[in-house]
2 protein chains.
Amino acid sequence: MIRVLLVDDHPLFREGLKHRLSLDDSIEVVGEAENGKQALELIKSLEFDIVLMDINMPEMDGMYVLELIKEQDIDYKVLMLSMHDNKEYILGAMRHGANGYILKDVPGKELIVAIKKVISGKSYFSSEVTEILSKELAGEQRGIVTRREQLVLRLISQGLSNKRIAQEINVSVRTVETHKRNIKQKLGIDSTMGLMRYAIDYGLDR
Amino acid sequence: MIRVLLVDDHPLFREGLKHRLSLDDSIEVVGEAENGKQALELIKSLEFDIVLMDINMPEMDGMYVLELIKEQDIDYKVLMLSMHDNKEYILGAMRHGANGYILKDVPGKELIVAIKKVISGKSYFSSEVTEILSKELAGEQRGIVTRREQLVLRLISQGLSNKRIAQEINVSVRTVETHKRNIKQKLGIDSTMGLMRYAIDYGLDR
DNA sequence: CTAAAACTAAGTATAAACACGTAGATAAAA
DNA sequence: TTTTATCTACGTGTTTATACTTAGTTTTAG
């Protein structure tokens, strides 16, 4: 029996997932959390085999939880779920050791296939995801937005000024400027507004 | 038996919805569509009592479909679903004659209550929604964004700088600044980012 | 252990955005 | 025909952002 821990902030989505997973007799949902904090508590107290986790969540997002999980001794399997096929997310998830990454709108069977593959020790990335990755890699290690830069990007997308961002993450305004400049250069975008648009389009906001 | 037509672009969400609705014996999902176009076809060919429709969808969004539905002779009941509690959406839905508007993260029972209320001829707007509306109406008839301002707003949403916008519409940068200032004042938004979100949410972009 | 990458931050000068007030020209409505 | 709304735009002063360079410190990977 594969014991699954669900982490997603939308109750309806969780229900949809549960329903899908219930179609397979060897899978069982043993816990649910609606944000990262809850997830971490459950991870400590619960026995399970795999975490199925959304990236975009309020309170504490999935990417961060992934990081924390993978820093622990026990190697829990983590399958990331996302609405977005943006490369920053995908690369971020891979960098932090996710065992798989699938988009939320994949057909139902694929989800179960993915879980079983991950449980068997392999990794699973849905075809849309691998396609994006290959395009990225084809362009040779082009600038990857680093974690710190992603953070700054998210704050930019929330409409904060350099000054506010600097206060928020306790660095100098000049540092924020530097990060911003590097992000622009990496993404080939030349205006702050363009960055905002990018962040919104690719779901890096909120 | 209440026959429901589901319209949402996310299969998982539809499954979650179906699961919830299946908890009530008097409700039955008779059709599903994943975008506005499909929905319109089903509406022509199918018999049903109420449409449960998401606003944000690719291809053809829910707001436009609502408009088309309400222009027809038969008065179909329409309950709008949305991730966003943004007032333009809510007001837009009301203006186009939606019978209800609820947020996607409401508890499961509320959805069923809402459907039954709408079927009985009443309207249903969830509490978060009515709260936002009351705030809006308290401020009475605030300024309407003019055509020119809408144009500027659209360009802002595309991430253009004041300078670029000025070039685009052949006016001085100062004029753009003035428009921007007026828009902000009218909408009660004080950041350019807020304007962008407004434009994107309201579909003024692209 | 060493090299590379990431994070930090400053100097200096220029450019852009914003706030607030004001106002002429023109088009639309009463 | 007045009145009103809209579109246009300037002045002035302040704040913020950017361009381009350089560089110390820390972390990560080979």
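Chain letters run A, B, ... following the sequence lines, proteins first and then strands; every chain starts at 1. Being a predicted model, the structure only gives us computed values, none of them experimental. Computation of the quantities below employed the complete heavy-atom set of this structure, encompassing side-chain atoms and omitting hydrogens, waters and symmetry-equivalent molecules.
- Regarding contacts with the backbone of dC7(C), every side-chain N or O of H179(A) stays at 4.0 angstrom or more from both OP1 and OP2.
- If you measure from atom NZ of K184(A) to atom C1' of dA15(C), you get 12 Å, rounded to the nearest angstrom.
- Atom CD1 of I189(B) and atom C1' of dC18(C) are 16 Å apart (whole Å).
- The CD1-C1' distance, from I183(A) to dA17(D), rounds to 14 Å in whole Å.
- Here the side chains of L111(A) and L17(A) are in contact, with some heavy-atom distance below 4.5 Å.
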**Request:** Would you mind building the protein contact string for nucleotides 21-30 of chain C? One character per nucleotide, 5' to 3', B for base within reach (heavy atoms under 4.0 Å), S for sugar-phosphate only, - for untouched.
**Result:** B---------
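- Under a cut-off of 6.0 angstrom, the local environment of NZ in K18(B) is sparse, with at most 12 non-hydrogen atoms contributed by other residues, nucleotides or ligands.
- Nearest to the side-chain atoms of T175(A) among the listed nucleotides dT8(C), dC18(C), dA17(D) stands dT8(C).
- Nucleic acid contact class of S161(A) (heavy atoms, under 4.0 Å, all strands): sugar-phosphate only.
- Here K109(A) does not pair with D24(A) in a salt bridge; the nearest charged N to carboxylate O distance is not below 4.0 Å.
- A heavy atom lying under 4.0 Å from DNA chain C marks the following residues of residues 164-173 of chain A, by number: V171(A), S172(A).
- Atom CG in L195(B) sits roughly 14 Å away from atom P in dA17(C) (whole-Å rounding).
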**Prompt:** Are D9(B) and R14(B) close enough, and set up right, to give a salt bridge (Lys or Arg N to Asp or Glu O under 4.0 Å), and what steps lead you there?
**Reply:** CA-CA 8 Å; D9(B) 55 326; R14(B) 289 204 305 275; over 6 Å; no
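- For the pair R148(A) CZ and dT27(D) P, the interatomic distance rounds to 12 Å; values are reported in whole Å.
- Using a distance-only test at 3.5 Å, with no hydrogens or angles considered, a donor-acceptor pair links the side chain of E149(B) to the main chain of T146(B).
- A salt bridge does not link K180(A) to E177(A): none of the charged nitrogens lies less than 4.0 Å from a carboxylate oxygen.
- Taking the six-membered ring for Trp and the full ring otherwise, the centers of F48(B) and Y76(B) sit less than 6.0 Å from each other.
- Side-chain N/O atoms of R147(A) include none lying less than 4.0 angstrom from OP1 or OP2 on dA6(C).
- Environment of NZ in K117(A): sparse, with no more than 12 heavy atoms of neighbouring residues, nucleotides or ligands closer than 6.0 Å.
- Rounded to whole Å, the distance from CD on Q185(B) to P on dC18(C) is 16 Å.
- Rounded to an integer number of Å, the gap from E149(A) CD to dT8(C) C1' is 12 Å.
- A heavy-atom distance below 4.5 Å is found between the side chains of L52(B) and L81(B).
- A sub-4.0 Å separation between OP1 or OP2 of dT18(D) and a side-chain N or O of K180(A) is present.
- In terms of position on DNA chain C, the residue among N182(A) and E177(A) whose nearest nucleotide sits closer to the 5' end is N182(A).
- T146(B) comes within contact range of the sugar-phosphate backbone alone, with a heavy-atom separation under 4.0 Å but no base atom that close.
- A salt bridge between D49(B) and R3(B) is present, with a side-chain N of the basic residue lying under 4.0 Å from a carboxylate O of the acidic one.
- Taking atom CG of residue N162(A) and atom P of nucleotide dA16(C), one finds them 16 Å apart after rounding to whole Å.
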